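To start, the structure under review is shown below, and the notes come after it.
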Amino acid sequence: MTGKITNVICQVLTLVVVSAYVEQLDDTFMDTKGADEIWLIKFYAPWCLRCEELDPIWYQIGAELKSFGSPVNVGNVDATANTRITKEFKVRGYPAILMLKKDVKYNYGGPRTKDGIMDFANRVSGPVVRALSSQQLFQHVMSRHDVLFLYIGGSSRLKANYISVAKEYIVHTYFFSASKDILPKAVNIPDVPVIAVFKDGTYFTYDEDNDGNLTSWINRERFLSYSNIDSYTLYSMGDTGKLIALAIVEDKNPSQESIRYKTLLERVTTDYKELYSRDVQFGYMEGNDYVNGLVLGEVAIPSLMILNLSNDGYFLPPTKVDTEEQLLQFINSVLEGSIEAQGGNGFLQRIKRMTYDAKTGVMTT
């Protein structure tokens, strides 16, 4: 009994210590903060359960950033008591997380995990474009990032455009620059300046004539071609304009059928990259909670489907998919428009979604 009490006391004391690194902010914040200060801020409501669940993580983030000597200050705002600052930052839901850097607001839309939020804080608080000065540094960065955008060359109109896009997309991914001579011999870049993306074990360069404007290209290429997709990533993928080909599988102990679906999608991603990379994103999702809300019903596990997040539509294969050929036929039929989309965001569908959300909300409370 004494050991349990001691353990509880230690946990309380730890929470008190780490919470000291998170400042409670109010409506006077914008009038009193320093011009060069960088703030990571969480807006919460006292009645919000998810806000309460995030508290221990938030305090750990505050303590860890401070221990690293980070310039980032961490704060909390009770949105119900401080409506002026809440309206100023256009907070609509809780918990809302954002960074304020030189009066520019960057919204965080990733998972509410310590690693996810820390990565966001470190990425956005640093330089918009980070210079790589040696081949060793390039290799180190390559080992740490699944997707890497790199400008190669000196000053140019292309570099100015790259920096401009980086300012917008720094909330999603890192941006780097380097001179041609620090690249390994395996990276063959004949002409500079150029922008390259390294991902999926290879690299390719931006071509304005074929790829369109730089913003759209970076937006399309900022994800791995095939990956494990959670609800936050899926939501973010909606901005790319691509269709999402998904295998819905078990979150634990996947069945042989789930493994087969995942293998089929991954093989098509690799073998037909040139054909589909511009229009289709591939991946798998563990569990069906998110897609249940999209189709307004129970999605079988395992299953295959294609999502059109631009209008909340989805496509289901008309017959069972057992082979690569059948999967290709399904994808091509969707792209050609010969399979009718289901769902969508029309008026009647929105009414159905409101009814479904109300029903499932009652069932889960």
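The structure presented is a predicted model; accordingly, all values stated were derived computationally and were not measured.
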Between [X] and [Y]: side-chain donor-acceptor atoms closer than 3.5 Å:
X      : Y      : answer
Asn219 : Thr240 : no
Thr215 : Glu168 : no
Asp200 : Thr202 : no
Asn73  : Glu23  : no
Asp115 : Thr113 : no
Ser216 : Asn213 : yes
Ser255 : Ser258 : yes
Lys273 : Ser225 : yes
Tyr162 : Ser156 : no

Inset, instruction - In plain terms, say whether Lys114 and Asp119 are close enough for a salt bridge, that is, a side-chain N and a carboxylate O under 4.0 Å apart. - result: no
Inset, instruction - Assess whether atom CD of Gln329 is packed by more than 12 heavy atoms of other residues, nucleotides or ligands within 6.0 Å. - result: no
Inset, instruction - Establish, yes or no, whether a centroid distance under 6.0 Å links the rings of Phe198 and His145. - result: no
Inset, instruction - Would you check if the distance from the ring center of Tyr174 to the ring center of Phe149 is below 6.0 Å? - result: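 Distance test on ring centres: not under 6.0 Å, no.
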Taking side chain as C-beta onward, heavy atoms only, is [X] less than 4.5 Å from [Y]?
X      : Y      : value
Leu25  : Ile85  : no
Ile331 : Val268 : yes
Met142 : His140 : no
Val165 : Ile163 : no
Leu224 : Phe282 : no
Glu208 : Leu158 : no

Legend entry - Cation-pi, Tyr284 ring and Lys262 (6.0 angstrom, 45 degrees): yes
Legend entry - Arg278 to Asn210 - nearest heavy-atom pair and separation: NH1-O, 3.3 Å
Inset, instruction - Look only at the side chain of Asn308 and the backbone of Gly313, and say whether a donor-acceptor pair between them is shorter than 3.5 Å. - result: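 Such a contact is absent between Asn308 side chain and Gly313 backbone.
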Legend entry - Under 3.5 Å: donor-acceptor pair, side chain of Tyr206, backbone of Leu214: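 At least one qualifying donor-acceptor pair exists.
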Legend entry - Residues which pass side chain to side chain donor-acceptor pair (under 3.5 Å) with Gln24, listed by chain and number, not counting sequence neighbours: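 For Gln24, the residues satisfying side chain to side chain donor-acceptor pair (under 3.5 Å) (neighbours in sequence not counted) are Tyr44.
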Inset, instruction - For Asp26, enumerate each residue passing the side-chain contact (heavy atoms from CB on, under 4.5 Å) test, keeping only those at least two apart in sequence or located in another chain. - result: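 For Asp26, the residues satisfying side-chain contact (heavy atoms from CB on, under 4.5 Å) (neighbours in sequence not counted) are Thr28, Asn82.
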Inset, instruction - Would you give the length of the straight line joining atom CH2 of Trp39 to atom NZ of Lys33, rounded to the nearest 0.5 angstrom? - result: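 Result: 10.0 Å between the selected atoms.
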Legend entry - Matching residue for Tyr276 among Leu328, Thr269, Leu243, Asp271 - test: side chain to side chain contact (heavy atoms under 4.5 Å, CB included):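 Only match with Tyr276 under side chain to side chain contact (heavy atoms under 4.5 Å, CB included): Leu328.
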